[in-house]
Colleague: 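Got a structure here, written out as structure tokens. Questions coming.
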Amino acid sequence: MAQNKPENVPAVLNHIAVYVADLSIATTFYESVFNLKIIPEPFKDNRHTWFTLGPAGQLHLIQGAKGNEVFDKNGHLCFSVPSVDEFVKKLNGKNISFEDWPGKKGGITLRVDGVKQIYFKDPDGHWLEVNDAK
């Protein structure tokens with residue numbers, strides 16, 4: 001019965017915070033590219049946007065980053081979609097360039113388990129992965 005003790009219960013993800021230079025631009029990007037839904041946030045200071053990620057938790061955008069930062073692709077957020085091919089059409093329609101893992105522009109990585117992946121950056125340069133993992 002030890003597994004039911006609070007100290008043995010696995011932690012769950014509550015939220016991911018992304019520091020952005022322009023909250024309006026970042027909010028529009030995440031809302032339109034990923035169809036994320038804005039949820040109420042307690043601060044009401046025009047420096048935060050919160051999105052629901054369903055059972056996975058929340059995404060919090062926080063204004064205040066200086067901008068012009070360079071991020072490593074290994075540190076990325078990943079979103080799964082039903083079809084990478086359909087998602088690529090959406091990116092192309094928005095003139096958002098993407099690449100495969102090695103960096104080939106317009107490339108799609110096919111993982112050894114059959115999952116398709118693409119990578120691109122948000123307006124602040126944070127790396128994003130989109131895949132079709134179930």
Side-chain angles (χ1 to χ4, degrees):
M1 295 295 159
Q3 63 228 32
N4 292 332
K5 290 183 177 182
E7 64 268 18
N8 295 327
V9 175
V12 296
L13 180 66
N14 180 271
H15 71 270
I16 297 165
V18 177
Y19 206 34
V20 301
D22 187 309
L23 185 63
S24 177
I25 290 172
T27 297
T28 299
F29 176 85
Y30 281 92
E31 190 173 27
S32 68
V33 171
F34 296 108
N35 301 323
L36 297 180
K37 304 298 180 223
I38 296 174
I39 58 173
E41 53 86 9
F43 305 107
K44 312 223 184 307
D45 60 3
N46 297 316
R47 292 188 61 238
H48 297 82
T49 299
W50 287 14
F51 294 103
T52 182
L53 298 175
Q58 301 169 358
L59 173 64
H60 297 176
L61 302 181
I62 305 168
Q63 171 129 358
K66 292 182 171 74
N68 298 324
E69 294 182 57
V70 177
F71 299 97
D72 190 286
K73 193 189 282 187
N74 284 296
H76 60 267
L77 300 178
C78 179
F79 295 89
S80 292
V81 297
S83 168
V84 168
D85 296 326
E86 288 301 313
F87 191 82
V88 161
K89 290 178 187 175
K90 183 176 191 175
L91 291 182
N92 287 336
K94 293 179 173 294
N95 293 316
I96 297 172
S97 62
F98 63 92
E99 60 189 52
D100 61 12
W101 178 252
K104 179 183 171 201
K105 195 170 184 149
I108 298 174
T109 298
L110 184 62
R111 287 190 336 206
V112 294
D113 59 0
V115 171
K116 289 183 177 180
Q117 305 167 294
I118 59 170
Y119 297 85
F120 58 102
K121 294 180 182 182
D122 76 1
D124 288 274
H126 298 281
W127 279 100
L128 303 166
E129 174 187 341
V130 168
N131 69 34
D132 61 2
K134 305 294 184 263

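These numbers come from a predicted model, not from an experiment. Values reported hereafter were calculated over all heavy atoms of this structure, with side chains retained and with hydrogens, waters and symmetry mates removed. Along the sequence shown, residues carry numbers from 1.
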Colleague: Just verifying a value: how many Å separate Tyr30 OH and Leu77 CG, rounded to the nearest 0.5 Å?
Modeller: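 Nearest 0.5 Å value for the OH-CG distance: 5.5 Å.
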Colleague: Over 60° means perpendicular and under 30° means parallel, so tell me whether His60 and Trp50 are parallel, tilted or perpendicular.
Modeller: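 Geometry flag for Trp50 against His60: parallel rings.
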Colleague: What heavy-atom pair brings Val84 and Val81 nearest, and what distance separates the two atoms?
Modeller: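 Where Val84 meets Val81 most closely, the heavy atoms are N-CG2, 4.0 Å.
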Colleague: Taking C-beta and beyond as the side chain, do Thr49 and Val20 meet within less than 4.5 Å on heavy atoms?
Modeller: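 With C-beta onward as the side chain, the pair stays apart.
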Colleague: Evaluate the side-chain proximity of Val130 to Phe120: yes if any heavy-atom separation is below 4.5 Å, no if none is.
Modeller: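 Yes, side chains in contact.
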Colleague: Mind listing the closest non-hydrogen atom pair of Gln63 and Asp22 along with its distance?
Modeller: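 Between these two residues, the closest heavy atoms are OE1-C, 3.8 Å.
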Colleague: How close do Leu13 and Ala56 get, heavy atom to heavy atom, and via which atoms?
Modeller: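 That closest heavy-atom pairing would be CD2-O, 3.3 Å.
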Colleague: List the atom of Val33, the atom of Lys90, and the distance in Å for their closest heavy-atom pair.
Modeller: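 Residues Val33 and Lys90, closest heavy atoms: O-NZ, 3.1 Å.
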Colleague: Which pair of non-hydrogen atoms, one from His48 and one from Glu41, has the smallest distance, and what is that distance?
Modeller: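 The answer is O-OE2, 3.7 Å.
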Colleague: Could I get the full list of salt bridge (charged side-chain N to carboxylate O under 4.0 Å, His left out) partners for Glu129, not counting sequence neighbours?
Modeller: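 With neighbours one apart ignored, the set is empty.
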Colleague: I'd like to check the side-chain contact (heavy atoms from CB on, under 4.5 Å) partners of Pro40; sequence neighbours left out, ordered by chain and number.
Modeller: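 side-chain contact (heavy atoms from CB on, under 4.5 Å) list for Pro40, sorted by chain: empty.
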Colleague: Determine yes or no for a side-chain-to-main-chain donor-acceptor pair under 3.5 angstrom, with Tyr119 supplying the side chain and Gly103 the backbone.
Modeller: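 Pair absent, no side-chain N/O of Tyr119 close to backbone of Gly103.
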Colleague: Roughly how far apart are Thr27 OG1 and Leu36 CG, rounded to 0.5 Å?
Modeller: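 Output value for this atom pair is 10.5 Å.
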